[in-house]
Amino acid sequence: MARILITSAIPYINGIKHLGNLVGSQLPADLYARYCRARGHEVMFICATDEHGTPAELAAAKVGKPVEAYCAEMHEVQKEIAAGFRLSFDHFGRSSSARNHRLTQHFAGALADNGLIEEVSEKQVFSITDNRFLPDRYIEGTCPNCGYTRARGDQCEECTKQLDPTDLINPRSAISGSTDLEVRQTKHLYLRQRALRGKLEAWIDSKTDWPILTTSIAKKWLNDGDGLQDRGITRDLHWGVPVKRGEADWPGMEGKVFYVWFDAPIEYIAATAEWADAHGLPDAAWQRWWRTDLGADDVRYVQFMGKDNVPFHTLSFPATIMGSGEPWKLVDYIKSFNYLNYDGGQFSTSQGRGVFMDQALSILPADYWRWWLLSHAPESSDSEFTWENFQASVNKDLADVLGNLVSRVTKFARAKFGETVPAGGSFGPREQALIDDLTSGLRAYEACMQAMEVRKAAAELRALWVAGNEYLQNAAPWTVVKTDPEHAQAMVRLALNLIRVYAVISQPFIPDAAASMMAAMGSDDWAWPDDLAASLAALPPGHAFSVPEVLFAKITDESRADWQQRFSGIRA
RNA sequence: GGCUAGGUAGCUCAGCUGGUUAGAGCACGUGACUCAUAAUCACGGGGUCGGGGGUUCGAGUCCCCCCCUCGCCA
């Protein structure tokens, strides 16, 4: 039994995420967590909301709420939706927690003690009306290049020219529209990533088994242009972790907070501490996952994220960990994903384009989405969601291949032998061939799951379902029962047991349907079928079962057309 | 413009260090079966592997040039 620490990139607090966000981190992380648990490993699966920063402040202001209250509310909303998708976090934390405040300040202090923090004085635009410094993207004005009147301080969206806020003509605050701006001097802390470049590069180079997507992005940032740059880790904001050097005040940094990208990954650790607190456990309980000097040396740590998050997880966060000089657990494997596109374009949170998590659950059960998203996960390249493909895959794979198999077996069994597992007959060569076939398929499935090859794992699982139909079709108990009912009983006994095994092995992908299948088989035996022949005898002769409701209703053309239309434009 | 990753059957994708007639699922066609959510099973048609050069006995798989898509950066 291994100990496996799993984290999913933490979603930003600002609004409900779309399916592209879900499939890029939380969902595959959940798949892996469920699989590891099913195989008997000790798992700690952590996620949280990423709550700090300007977007949260503005979103709160927009709905007229204090930012703390807004975040608390949105955290609950996201937590509930995650539960709706059956994301099996051991803890869903908050980056605004007291734990994260302390830990973030601790890391900053440790980095400073090791000479890895530099104080830099720089000029920034201050809005007198808003009484705050403005991040570049929150300054608007006329583009000096093309004349576009709503160019942002970081870039003109019209001509794509990169800008400096001071380049803008007639600059104004994007928050209030005020033109009462001035450039002020301000001091910030920088993490001296350049000093850690060699260490980081050696570490990345040692990760030869990581996905190309992960290492290529990391190496690009290490080597591109002037190489890895030092990074500002503080901001002039109110909403965030106050800058402190450990427990001590940081002279000159009063009123400033740490940058959201500094404190967010630290929340992985803090959330595990929150988990311990929530369960009334001592610090040792979470430290054994994170401190290699306190028991974490045998932990395997796996992170899941979309490709946009890779630089922070391969460089910035490791720089924080390494730079602290303390024995914190570094990530062992980073599974990264490309983007999921929506019907010919991109999912867009700002434009409300695509299907959002709450909407998805309002029209179909979680299993439908889980299956499609995971079996089409954007692993090797960007992939695309279309309603036609979704309808076809779900109907074929879930309703026809798996759902109908459960249906045909249980209904036939009930009609011929009643609602208990029949006792007659014994297995012949055909049954043995099926068991052999399933065993090799199952080993292939396990290998894919272990390697986090999500799409391939889905294909292997589906092949196992198909093998069941294949067997039934060849064995034809409906014919055999007329001449040799004993033999037909053996076939049905095997098929009923197969449903329970399918529930066990399918559970990571489709937990609700798996639970229904298990319940229908009148069992609660979720033991992994290491020995398939033995597992296929788990339901003994005479064991009661029931015929479940239709596991997966098909998506009709009408529904598909309706949804296609409904989600094409702006989110209502 | 620089860099990453891609461009393989109508669709979604596999093809490891180059090696027999290029694979899977879906869709399509034919047949079988009738237990089942008009489900299942079998067989079949279909691709000059983005384009052009080159290395090699032999390239989807290596090298060079070009075209296109996506993303990151400037």
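Every chain is numbered from 1 and lettered A, B, ... according to where its sequence line falls, protein lines coming before strand lines.
If you take CH2 of A/Trp372 and P of B/C26, they are 17 Å apart, rounded to a whole angstrom. Separating the NZ atom of A/Lys554 from the P atom of B/A36 is a distance of 15 Å, rounded to the nearest angstrom. Between the CG atom of A/Leu340 and the P atom of B/C70 there is a distance of 15 Å, given to the nearest Å. Taking atom CH2 of residue A/Trp465 and atom P of nucleotide B/C41, one finds them 13 Å apart after rounding to whole Å.
Taken residue by residue, residues 402-417 of chain A places heavy atoms nearer than 4.0 Å to RNA chain B at A/Gly403, A/Asn404, A/Ser407, A/Arg408, A/Lys411, A/Phe412. At a non-hydrogen distance threshold of 4.0 Å, nothing from residues 418-441 of chain A comes into contact with RNA chain B. Near RNA chain B, meaning a heavy atom under 4.0 Å from it, residues 469-504 of chain A has A/Asn469, A/Glu470, A/Gln473, A/Trp478 in order of number.
Among the protein residues, A/Lys396 comes within range of the sugar-phosphate backbone only, with heavy atoms under 4.0 Å from sugar or phosphate atoms but none that close to a base.
A distance of 8.0 Å separates CG of A/Leu536 from CZ of A/Arg500, quoted to the nearest 0.5 Å. Expressed to the nearest 0.5 Å, how far OG of A/Ser336 lies from CD of A/Gln303 amounts to 10.5 Å. For the atom pair CG (A/Leu434) and CE (A/Met491), the distance works out to 11.0 Å, reported to the nearest 0.5 Å. Atom CG of residue A/Asp397 and atom OG of residue A/Ser375 lie 6.0 Å apart, to the nearest 0.5 angstrom. Within the model, atoms CD1 of A/Ile334 and CE of A/Met305 stand 4.5 Å from one another, a figure rounded to the nearest 0.5 Å. Remark: A/Arg414 CZ to A/Phe545 CZ distance equals 8.0 Å, nearest 0.5 Å.
The separation of B/A5 from B/G15, taken at their P atoms, amounts to 15 Å, rounded to a whole angstrom. When the P atom is compared between B/U12 and B/A74, the two are found 33 Å apart, to the nearest whole Å. Atom name P, nucleotides B/G18 and B/G58: the rounded distance is 15 Å, in whole Å. Nucleotides B/G19 and B/G25 place their C1' atoms 27 Å apart, quoted to the nearest Å. As rounded to the nearest Å, B/C73 and B/C28 have P atoms that lie 43 Å from one another. Taking atom C1' on both nucleotides, B/A27 is separated from B/C16 by 30 Å, rounded to a whole Å.
Under 3.5 Å, the side chains of A/Asp557 and A/Gln391 contain a donor-acceptor pair of N or O atoms. Using modelled atom types, one finds no donor on one side chain facing an acceptor on the other under 3.5 Å when comparing A/Gln473 with A/Asn469. There is no side-chain donor-acceptor pair under 3.5 Å between A/His52 and A/Tyr12. Counted by atom type alone, A/Trp371 and A/Ser393 present zero donor-acceptor pairs between their side chains at under 3.5 Å.
Formation of a donor-acceptor pair under 3.5 Å by the A/Asn497 side chain with backbone atoms of A/Leu539 is found in this model.
Ion pair A/Arg194/A/Asp230 flagged as a salt bridge, since at least one NZ, NE, NH1 or NH2 atom sits closer than 4.0 Å to an Asp/Glu carboxylate oxygen. Between A/Glu379 and A/Lys456, no side-chain nitrogen of the basic residue sits less than 4.0 Å from a carboxylate oxygen of the acidic one, so the salt-bridge criterion is not met.
Residues meeting the salt bridge (Lys or Arg N to Asp or Glu O under 4.0 Å) test with A/Arg86, sequence neighbours left out: A/Asp512.
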Quick one: what's the B/S/- string for nucleotides 4-17 of chain B, heavy-atom cutoff under 4.0 Å, read 5' to 3'?
-> SS------SSSS--

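Mapped onto RNA chain B by nearest heavy atom, A/Leu398 and A/Ser393 fall at different nucleotides, with A/Ser393 at the one closer to the 5' end.
Here the rule is side-chain contact (heavy atoms from CB on, under 4.5 Å) with A/Ile510, and of A/Leu374, A/Leu402, A/Leu461 only A/Leu402 fits it.
Stem analysis of RNA chain B (Watson-Crick or G-U pairs, both distances under 3.5 Å, runs of at least three) returns B:1-3 with B:71-73, B:5-7 with B:67-69, B:10-13 with B:23-26, B:28-32 with B:40-44, B:50-54 with B:62-66.
When the side-chain nitrogen and oxygen atoms of A/Arg462 are compared with OP1 and OP2 of B/A24, none of them lie within a distance under 4.0 Å.
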Can you check ring-ring contact (aromatic ring centres under 6.0 Å, His included) on A/Phe304 and A/His313, steps first, answer last?
-> CA-CA 10 Å; A/Phe304 289 80; A/His313 289 79; over 10 Å; no

